[in-house]
Amino acid sequence: MRVLDHRDRIALADLVARYALYADHLRYTGLVGLFADDAVLVLPDPPEQLEPVRTLTGRDEIGKAFRSLERFPRTSHEIVGQVFDPGRENATATGQIACVAHHLNEEEPGKPTDFAWHLRYSDAYRREGGFWHIERRTVQIDFIEKKQVWAWRD
């Protein structure tokens with residue numbers, strides 16, 4: 001039976017945390033670098049489609065998709081749970097990640113709104129050159145909350 005050792009689990013947890021950090025700070029180079037060259041990202045199309053419906057392949061396509069975060073004055077991706085398992089082959093793993101992704105927007109001037117996406121990432125990872133990368137990430141939104149924001153800083 002194959003297992004992930006503690007170093008792999010720490011590295012995978014760091015990979016997931018960096019994804020959230022880089023997304024929130026619009027650090028596209030770092031964000032795209034977390035993916036394998038031939039990675040696949042499968043996304044929903046909220047609010048109409050909460051199930052994954054759009055497939056992007058390769059770092060270039062994935063990087064362009066992340067530019068959509070620029071329309072929000074602020075995001076906050078909160079990792080609320082993560083489970084990692086060994087993959088079928090050496091130097092591979094899988095992960096189930098729970099996240100609440102907050103997206104601030106102003107529907108009306110001076111009235112910021114938080115669209116909180118409660119989502120799950122179903123991941124496949126591959127270790128290349130001593131580092132773990134996301135090989136495939138499928139995003140599914142369980143539900144979206146909309147709530148007023150009383151204050152926020154730029």
Check step by step if side chain to side chain donor-acceptor pair (under 3.5 Å) holds for D24 and T75. CA-CA 5 Å; D24 291 339; T75 63; 2.8 Å; yes
Evaluation steps, side chain to side chain donor-acceptor pair (under 3.5 Å), between S122 and Q140: CA-CA 8 Å; S122 295; Q140 177 174 315; over 6 Å; no
Please lay out, stage by stage, how H118 and D142 fare under the test side chain to side chain donor-acceptor pair (under 3.5 Å). CA-CA 6 Å; H118 296 258; D142 293 331; over 6 Å; no
Go through D8 and V3 one step at a time and tell me if the side chain to side chain contact (heavy atoms under 4.5 Å, CB included) criterion holds. CA-CA 10 Å; D8 289 326; V3 297; over 6 Å; no
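Between atom CZ of residue F84 and atom CG of residue L4 there is a gap of 9.0 Å, rounded to the nearest 0.5 Å. One finds the OH atom of Y28 at 14.5 Å from the CD1 atom of I62 (value rounded to the nearest 0.5 Å). Taking NZ of K147 as the start and NE2 of H102 as the end, the distance is 5.5 Å to the nearest 0.5 Å. For the atom pair CZ (F35) and CG (L15), the distance works out to 8.5 Å, reported to the nearest 0.5 Å. Going from atom CZ of R137 over to atom CG of L41 covers 8.0 Å, rounded to the nearest 0.5 Å.
The shortest distance between side-chain heavy atoms of I97 and D123 falls below 4.5 Å. Side-chain contact between L43 and T55 is absent, with no heavy-atom pair separated by less than 4.5 Å. Between P44 and V139 the shortest side-chain heavy-atom distance falls below 4.5 Å. The closest side-chain heavy-atom distance from T92 to P86 is not below 4.5 Å.
Shown here are the ring-ring contact (aromatic ring centres under 6.0 Å, His included) partners of Y19, two or more places apart in sequence or in another chain: F66, Y121. In this structure R27 satisfies the salt bridge (Lys or Arg N to Asp or Glu O under 4.0 Å) test with no other residue, sequence neighbours excluded. Residues satisfying the salt bridge (Lys or Arg N to Asp or Glu O under 4.0 Å) test with D14, not counting sequence neighbours, are R18. Applying the side chain to side chain contact (heavy atoms under 4.5 Å, CB included) test to N90 and every residue at least two apart in sequence or in another chain returns R2. With sequence neighbours excluded, the residues forming a side chain to side chain contact (heavy atoms under 4.5 Å, CB included) with R136 are V40, V42, A124, T138, listed by chain and number. F72 is linked by a ring-ring contact (aromatic ring centres under 6.0 Å, His included) to H103, counting only residues two or more places apart in sequence or in another chain.
Under the 4.5 Å side-chain heavy-atom criterion for grouping Ile, Leu, Val, Met, Phe, Trp and Tyr, L12 is connected to L21 within one hydrophobic cluster.
The two atoms that bring G95 and Y125 nearest to each other are N-CE1, 3.5 Å, heavy atoms only. When every heavy atom of Q82 is checked against every heavy atom of I79, the shortest pair comes out as OE1-CG2, 3.8 Å. Minimum heavy-atom separation, G63 to V32: CA-CG2, 3.5 Å. Among all heavy-atom pairs drawn from G30 and Y22, the shortest one is C-CD1, 3.3 Å. In this structure, A36 and H133 approach most closely via the heavy-atom pair N-CB, 3.7 Å. The minimum heavy-atom distance linking N105 with P73 is given by the pair CA-CD, 4.2 Å.
Sequence neighbours left out, the pairs with a member in residues 68-86 that pass salt bridge (Lys or Arg N to Asp or Glu O under 4.0 Å) are R67-E70. The list of salt bridge (Lys or Arg N to Asp or Glu O under 4.0 Å) pairs with a residue in residues 30-40, not counting sequence neighbours, reads D37-R59, D38-R126. The side chain to side chain donor-acceptor pair (under 3.5 Å) pairs that include a residue from residues 42-51 number zero, where partners must be two or more places apart or lie in different chains.
Apart from F143 itself, the hydrophobic cluster it occupies contains nothing, where clustering links Ile, Leu, Val, Met, Phe, Trp and Tyr at side-chain heavy-atom distances under 4.5 Å. Think of W152 as one node in a network of Ile, Leu, Val, Met, Phe, Trp and Tyr side chains linked at under 4.5 Å; its network also takes in L104, V149. Grouping Ile, Leu, Val, Met, Phe, Trp and Tyr by side-chain contacts under 4.5 Å, direct or through others, puts V80 with V100.
Side-chain atoms of Q148 and T113 include no donor-acceptor pair closer than 3.5 Å.
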